[in-house]
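Read the structure below first, then the notes.
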Amino acid sequence: MPDSAAPLAGVTVVALEQAVSAPMCTRVLADFGARVIKVENPKGGDFARHYDDVVNGLAAHFVWANRGKESVTLNLKTPAGLGVLHRLLERADVLVSNLAPASTARLGIAPDDLAQRHPDVIAVEIDGYGSGGPLSHKRAYDLLAQAESGACAVTGSPGAPAKPGPPVADISTGLYSAISILALLYSRDGGRAVSNAVSVSLFDTMTDLMGYPLTYTQHSGIDQQPLGMSSPAVAPYGAYRTADGQTVVLGTTNDQEWQRLSREILRRDDLADDQRFASNAGRVAHRDILDEAIGGWCAAHDLEHVQKTADAAGIGNARYNLPSEVLAHPQLSERDRWRQVDTPVGPIPALLPPPVVAGYRPAMGAVPGLGQHTEAVLAELGLTDDEITALRREGAIGAAYR
């Protein structure tokens, strides 16, 4: 159960969720102490449970996005299962869903329905494209939203577009949804609630994240080409090989940094004085010349020397790391960023969530097994053992958890 001293203590969230976007939203709320009751189909549950089995038999996506939740199995295609859901909603503050288009309407739990039957419940619907448009009926997943929004066109290299590695459409949509919930809870507690319904789409989220490329193209008529590890917006800024076979990422974001890079690191006053490079626009236009000079300097020195020199000159830099190297990163270990999280197959290491709130230790509760909390939650609703057995017999809930 959530810590009573947590920021969201006393808030109950019912989640009809799968994959990443909605689970990320509710994981954030759970980390801040909300009680999250995850309603899953008895036949397999959240399909992200089955993406792989690398975490001692569990799926990496699932354990990452579902800690701190209680799993209840309900067959919402049965009247009894739907009835139990409504009993949960009678005690809930928030309903989060990211089901297929029109699913909540078919179940009678769309925002308009909840406004009538459960008017105090904040209804948050996550979908692919938002309502009222020609794509509103379509399913959407992270890659699809990234492609449709143009994000893949500005990622990768010319002629070789790519999907950004992390599922940024899912994650950002989940975070926008969590922020919306917090805003409405705050306004409700202040007696000035304006709405109890929120819809957030992956496509709208991604077009917002595409703010710079879309604004640039809107006003220039130019579709910027992806530049791999470089940026179309600023130069020099990119990845360079070092003498010891490593890769350093460094660059500048303003004229003053460029002057320090060229004079103090490269020892190239000629570049610093060259009017072609006096502004960022000029440096972008002639990035090949600058990349050649920086690449040659980096290739003559090992990574440690490059980074120490850049630090001394006040130039931002980073080491290009593989995921396996990040797991052993001293910035994480020395700041005590790792915790143990319980799962049905034993404890696993997990990173603390990004916000560091003074005086609060994030809940980071256990990852639930499918239906692990069904009987306890139903008993809390007042159902007897015989009633729970009857629900199981008619297929309204899943098998007893073992």
Side-chain angles (χ1 to χ4, degrees), residues 142-169 171-172 203 205-243 245-262 265-266 268 271-272 274-301 303 306-307 309-311 313-323 325-326:
D142 181 85
L143 173 59
L144 308 183
Q146 294 206 41
E148 196 76 40
S149 69
C152 294
V154 297
T155 308
S157 301
K163 171 193 174 298
V168 292
I171 295 170
S172 300
F203 182 68
T205 296
M206 282 308 304
T207 53
D208 187 49
L209 297 185
M210 284 286 292
Y212 163 71
L214 293 179
T215 301
Y216 187 95
T217 300
Q218 185 176 47
H219 293 277
S220 70
I222 298 170
D223 286 312
Q224 291 179 316
Q225 294 299 300
L227 296 174
M229 288 284 289
S230 296
S231 167
V234 293
Y237 193 22
Y240 307 93
R241 295 290 286 177
T242 61
Q246 301 294 322
T247 297
V248 67
V249 181
L250 56 79
T252 64
T253 58
N254 57 61
D255 296 341
Q256 291 73 28
E257 289 181 357
W258 159 244
Q259 288 292 316
R260 294 199 301 273
L261 172 61
S262 55
I265 296 179
L266 302 181
R268 292 286 304 273
L271 295 179
D274 193 321
Q275 288 304 301
R276 291 179 298 173
F277 313 131
S279 69
N280 180 65
R283 294 191 292 273
V284 167
H286 301 286
R287 70 169 67 244
D288 290 348
I289 298 172
L290 304 183
D291 283 340
E292 182 179 1
I294 297 170
W297 181 82
C298 289
H301 303 283
L303 177 67
V306 170
Q307 291 198 277
T309 305
D311 287 341
I315 300 300
N317 63 91
R319 182 180 188 269
Y320 171 86
N321 284 317
L322 299 174
E325 293 168 319
V326 177

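Remember, it's a predicted structure, so these values are computed and weren't measured experimentally. These numbers come from the heavy atoms of this one structure, side chains and all, not from hydrogens, waters or symmetry mates. For reference, positions follow the sequence shown, starting with 1.
Side-chain atoms of Thr217 come within 3.5 Å of backbone atoms of Ile222 as a donor-acceptor pair (strictly under, hydrogens ignored). Side-chain N or O atoms of Arg268 include none that pairs as donor or acceptor with a backbone N or O of Ile294 at under 3.5 Å. Of the possible polar contacts, none joining the Gln146 side chain to the Met206 backbone as a donor-acceptor pair under 3.5 Å is found. For the pair Ser172 (side chain) and Ala169 (backbone), a donor-acceptor distance under 3.5 Å is absent.
The CG atom of Leu303 sits 14.5 Å away from the OH atom of Tyr240 when rounded to the nearest 0.5 Å. How far OG1 of Thr205 is from CD1 of Ile171: 12.0 Å, rounded to the nearest 0.5 Å. With rounding to the nearest 0.5 angstrom, the CG atom of Leu214 is 10.5 Å from the CD atom of Gln224. With rounding to the nearest 0.5 angstrom, the CZ atom of Phe203 is 12.0 Å from the CG atom of Asp208. Atoms CG and OG, from Asp274 and Ser262 in turn, are 10.0 Å apart once rounded to the nearest 0.5 Å. Atom CZ of Arg276 and atom CD1 of Ile289 lie 4.0 Å apart (nearest 0.5 Å).
Nearest heavy atom pair, residue Leu143 against residue Cys152, reads CD1-SG, 4.2 Å. Closest approach of Pro161 and Gly159 over heavy atoms only: CD-C, 3.6 Å. In terms of heavy-atom proximity, Pro226 sits nearest to Gly156 at CB-O, 3.5 Å.
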Is there a side-chain contact (heavy atoms from CB on, under 4.5 Å) between Leu266 and Leu271 once you walk through the steps?
-> CA-CA 9 Å; Leu266 302 181; Leu271 295 179; 4.3 Å; yes
Verdict with supporting geometry, Leu290 and Leu261, side-chain contact (heavy atoms from CB on, under 4.5 Å) | CA-CA 11 Å; Leu290 304 183; Leu261 172 61; over 6 Å; no
Give the intermediate values and the outcome of side-chain contact (heavy atoms from CB on, under 4.5 Å) for residues Val154 and Tyr216.
-> CA-CA 12 Å; Val154 297; Tyr216 187 95; over 6 Å; no
With side-chain contact (heavy atoms from CB on, under 4.5 Å) as the test, would you mind laying out the steps for Thr252 and Arg260 before giving the verdict?
-> CA-CA 9 Å; Thr252 64; Arg260 294 199 301 273; over 6 Å; no
List, one per line, each side-chain donor-acceptor pair under 3.5 Å for residues 277-286, sequence neighbours excluded.
from	atom 1	to	atom 2	distance (Å)
Ser279	OG	Gly282	N	3.3
Asn280	OD1	Ala235	N	3.3
Asn280	ND2	Ala233	O	2.9
Arg283	NE	Ala235	O	3.1
Arg283	NH1	Asp255	OD1	3.3
Arg283	NH1	Phe277	O	2.9
Arg283	NH2	Asp255	OD1	2.9

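Counting only N and O atoms by type, the side chains of Glu257 and Tyr237 include no donor and acceptor under 3.5 Å apart. At a cut-off of 3.5 Å, with distance as the only test, a side-chain donor of Arg319 or Gln246 sits close to an acceptor on the other residue.
Heavy atoms from other residues, nucleotides or ligands lying under 6.0 Å from CD of Glu292 number 12 at most.
Looking at heavy atoms from C-beta onward, Ile315 lies in side-chain contact with Ile265 at the 4.5 angstrom threshold.
By the side chain to side chain donor-acceptor pair (under 3.5 Å) test, Thr242 pairs with Asp244, sequence neighbours left out.
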